[in-house]
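Proteins come first, then strands; the chains are lettered A, B, ... in the order of their sequence lines, and each starts at number 1.
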Number of protein chains: 2
Amino acid sequence: MALLFQSLDDVTRLRILALLLEEEDLCVCYLVAVLQLPQSTVSRQLGVLKSAGWLKDRREGVWIHYSINRSLGAIQQFLVPVLRTFLLGTETARGDLERLKNLPREGGAVLPGTR
Amino acid sequence: MALLFQSLDDVTRLRILALLLEEEDLCVCYLVAVLQLPQSTVSRQLGVLKSAGWLKDRREGVWIHYSINRSLGAIQQFLVPVLRTFLLGTETARGDLERLKNLPREGGAVLPGTR
DNA sequence: GGACTATATCCGTAAAAATGGATATAGTCA
DNA sequence: TGACTATATCCATTTTTACGGATATAGTCC
């Protein structure tokens, strides 16, 4: 159980969760663009969230899309509403979502080379 | 918010919370005896939980009693039922509570020198 | 005051996590 | 096949956290 909370004790991971609670399905390149962090950092934290059971990934061509795992563990199911309520009000989450909204897109993907 | 989860990502701290969710009001010496950890470790983690807002303390003579803070923050209030539900079933919590039950007592205090 | 007890804090060390550039992997397109 | 892109993983370094013995603080009792 400590491990579960540990997966939530990092600002970057919470930012990712907040985004995926609102947007369902984002590819890594989006997240890199929105979070404005090095790709290796983002990928690593995505890996942590995935192995904690929060996220699942799905490859689509070159892109890998992450989304909230639909079959969360019992504790996580309790935590989702808490996260939704208290995370999305954050200034950080607000900024991230705003930045997401303004990303240059093409269909469902970030324009290649835009990063 | 990451800070709040951070206060829950340590096994010792969760053990302490589990005990105080069941027992309301325990002095440090009890906790040291039950957790079977060095006193400095227990005091340190109590300090973390206290400064995270989970606990409050009250001096009573030589003893300092800790208990769950009655005026928890909003997020914490949501988390308490989660902790109660998923923590108390644990094998660790079971063992700790059992050990607590079997401590030699006198009135409300551990027998002096028993530690 | 002095001996004793409970607790907090200090401090040097060890363990764990995060960081980010570099490299590896794997898919796409020509 | 080769060039290119997205992503994961590696690795050396830094930052954070935990640890626990030792010491300091503070209350109690004689």
Side-chain angles (χ1 to χ4, degrees), chain A residues 2-16 20 25-52 55-67 103-115, chain B residues 2-16 20 25-52 55-67 103-115:
Chain A
L3 287 182
L4 216 177
F5 287 117
Q6 194 189 19
S7 69
L8 300 176
D9 84 350
D10 177 273
V11 178
T12 302
R13 291 196 286 270
L14 289 181
R15 290 174 74 192
I16 292 172
L20 287 172
D25 210 81
L26 288 171
C27 72
V28 180
C29 56
Y30 270 57
L31 289 165
V32 169
V34 169
L35 300 173
Q36 307 182 115
L37 291 171
Q39 176 261 322
S40 67
T41 295
V42 175
S43 274
R44 182 166 21 84
Q45 303 298 12
L46 283 168
V48 172
L49 287 172
K50 181 185 168 192
S51 70
L55 306 183
K56 64 181 181 37
D57 58 352
R58 166 179 61 86
R59 179 178 279 276
E60 188 152 320
V62 194
W63 296 281
I64 296 190
H65 293 251
Y66 281 86
S67 55
L103 279 189
R105 309 194 184 199
E106 174 175 311
V110 173
L111 283 172
T114 305
R115 194 194 62 186
Chain B
L3 287 181
L4 216 176
F5 287 117
Q6 194 189 19
S7 69
L8 300 175
D9 83 351
D10 177 273
V11 178
T12 303
R13 290 196 287 270
L14 289 181
R15 289 173 74 190
I16 292 172
L20 287 172
D25 211 79
L26 289 171
C27 72
V28 180
C29 57
Y30 270 56
L31 289 166
V32 170
V34 169
L35 300 174
Q36 305 181 120
L37 292 171
Q39 177 262 320
S40 67
T41 294
V42 175
S43 274
R44 181 164 23 84
Q45 303 298 12
L46 283 168
V48 173
L49 287 173
K50 181 186 167 192
S51 69
L55 306 183
K56 63 181 180 36
D57 58 351
R58 167 178 61 86
R59 179 178 279 275
E60 188 152 321
V62 195
W63 297 282
I64 296 191
H65 293 251
Y66 281 86
S67 55
L103 281 189
R105 311 193 183 198
E106 173 176 310
V110 173
L111 284 173
T114 305
R115 195 193 59 185

Side chains of A:Lys56 and A:Ser67 in contact at under 4.5 Å (non-hydrogen atoms): yes
Any side-chain heavy-atom pair of A:Gln6 and B:Asp10 under 4.5 Å: no
Rounded to 10 degrees, the angle between the two terminal axes of the helix from C:dG1-D:dC30 to C:dA30-D:dT1, each from five pairs: 20°
Side-chain donor/acceptor of A:Ser51 to backbone N/O of A:Gly47, under 3.5 Å: yes
Contact check, side chains of B:Arg15 and B:Val34, non-hydrogen atoms, under 4.5 Å: no
A:Leu3 or B:Val42, whichever maps to the more 5' nucleotide of DNA chain C: B:Val42
Under 4.0 angstrom between B:Tyr66 side-chain N/O and C:dA8 OP1 or OP2: yes
Nearest-angstrom distance from the residue atom CD of A:Gln6 to P of C:dA15: 17 Å
Distance, rounded to the nearest Å, where A:Leu49 contributes CG and C:dA18 contributes P: 10 Å
Side chain of B:Arg13 - closest among C:dA8, D:dA18, C:dA18: D:dA18
Separation of atom CG in B:Asp57 from atom C1' in C:dA6, rounded to whole Å: 13 Å
Set of side chain to side chain donor-acceptor pair (under 3.5 Å) partners for A:Ser43, sequence neighbours left out: A:Gln39
Side chain to side chain contact (heavy atoms under 4.5 Å, CB included) between A:Trp63 and A:Cys29, intermediate numbers included: CA-CA 8 Å; A:Trp63 296 281; A:Cys29 56; 3.7 Å; yes
Side chain of A:Gln45 (C-beta onward), nearest among D:dT9, D:dA6, C:dT19: C:dT19
Flag side-chain contact, heavy atom, 4.5 Å: B:Tyr66 against B:Leu26: no
Rounded interatomic separation in angstrom, taking CG from A:Leu35 and P from C:dT19: 11 Å
Identified side-chain contact (heavy atoms from CB on, under 4.5 Å) partner of B:Leu46 from the options B:Ile64, B:Leu55, B:Asp57: B:Leu55
B:Arg13 side-chain N/O to B:Ser7 backbone N/O, donor-acceptor pair under 3.5 Å: yes
Closest nucleotide among C:dT19, D:dT7, C:dA8 to the A:Ile64 side chain: D:dT7
Separation of atom CG in A:Leu31 from atom P in D:dA6, rounded to whole Å: 14 Å
Separation of atom NE2 in B:His65 from atom C1' in C:dT7, rounded to whole Å: 12 Å
Length of the CG-P vector between B:Leu46 and C:dT9, whole Å: 11 Å
Euclidean distance, atom CG of residue B:Asp10 to atom P of C:dA17 [Å, nearest integer]: 11 Å
So which protein nitrogen or oxygen atoms get under 3.5 Å of nucleotides 20-30 of chain D's nitrogens or oxygens?
unit_1 : atom_1 : unit_2  : atom_2 : d
D:dG20 : OP2    : B:Thr41 : OG1    : 3.0
D:dG20 : N7     : B:Ser40 : OG     : 3.3
D:dG20 : N7     : B:Arg44 : NH2    : 3.2
D:dG21 : N7     : B:Ser40 : OG     : 3.4
D:dG21 : O6     : B:Ser40 : OG     : 3.3

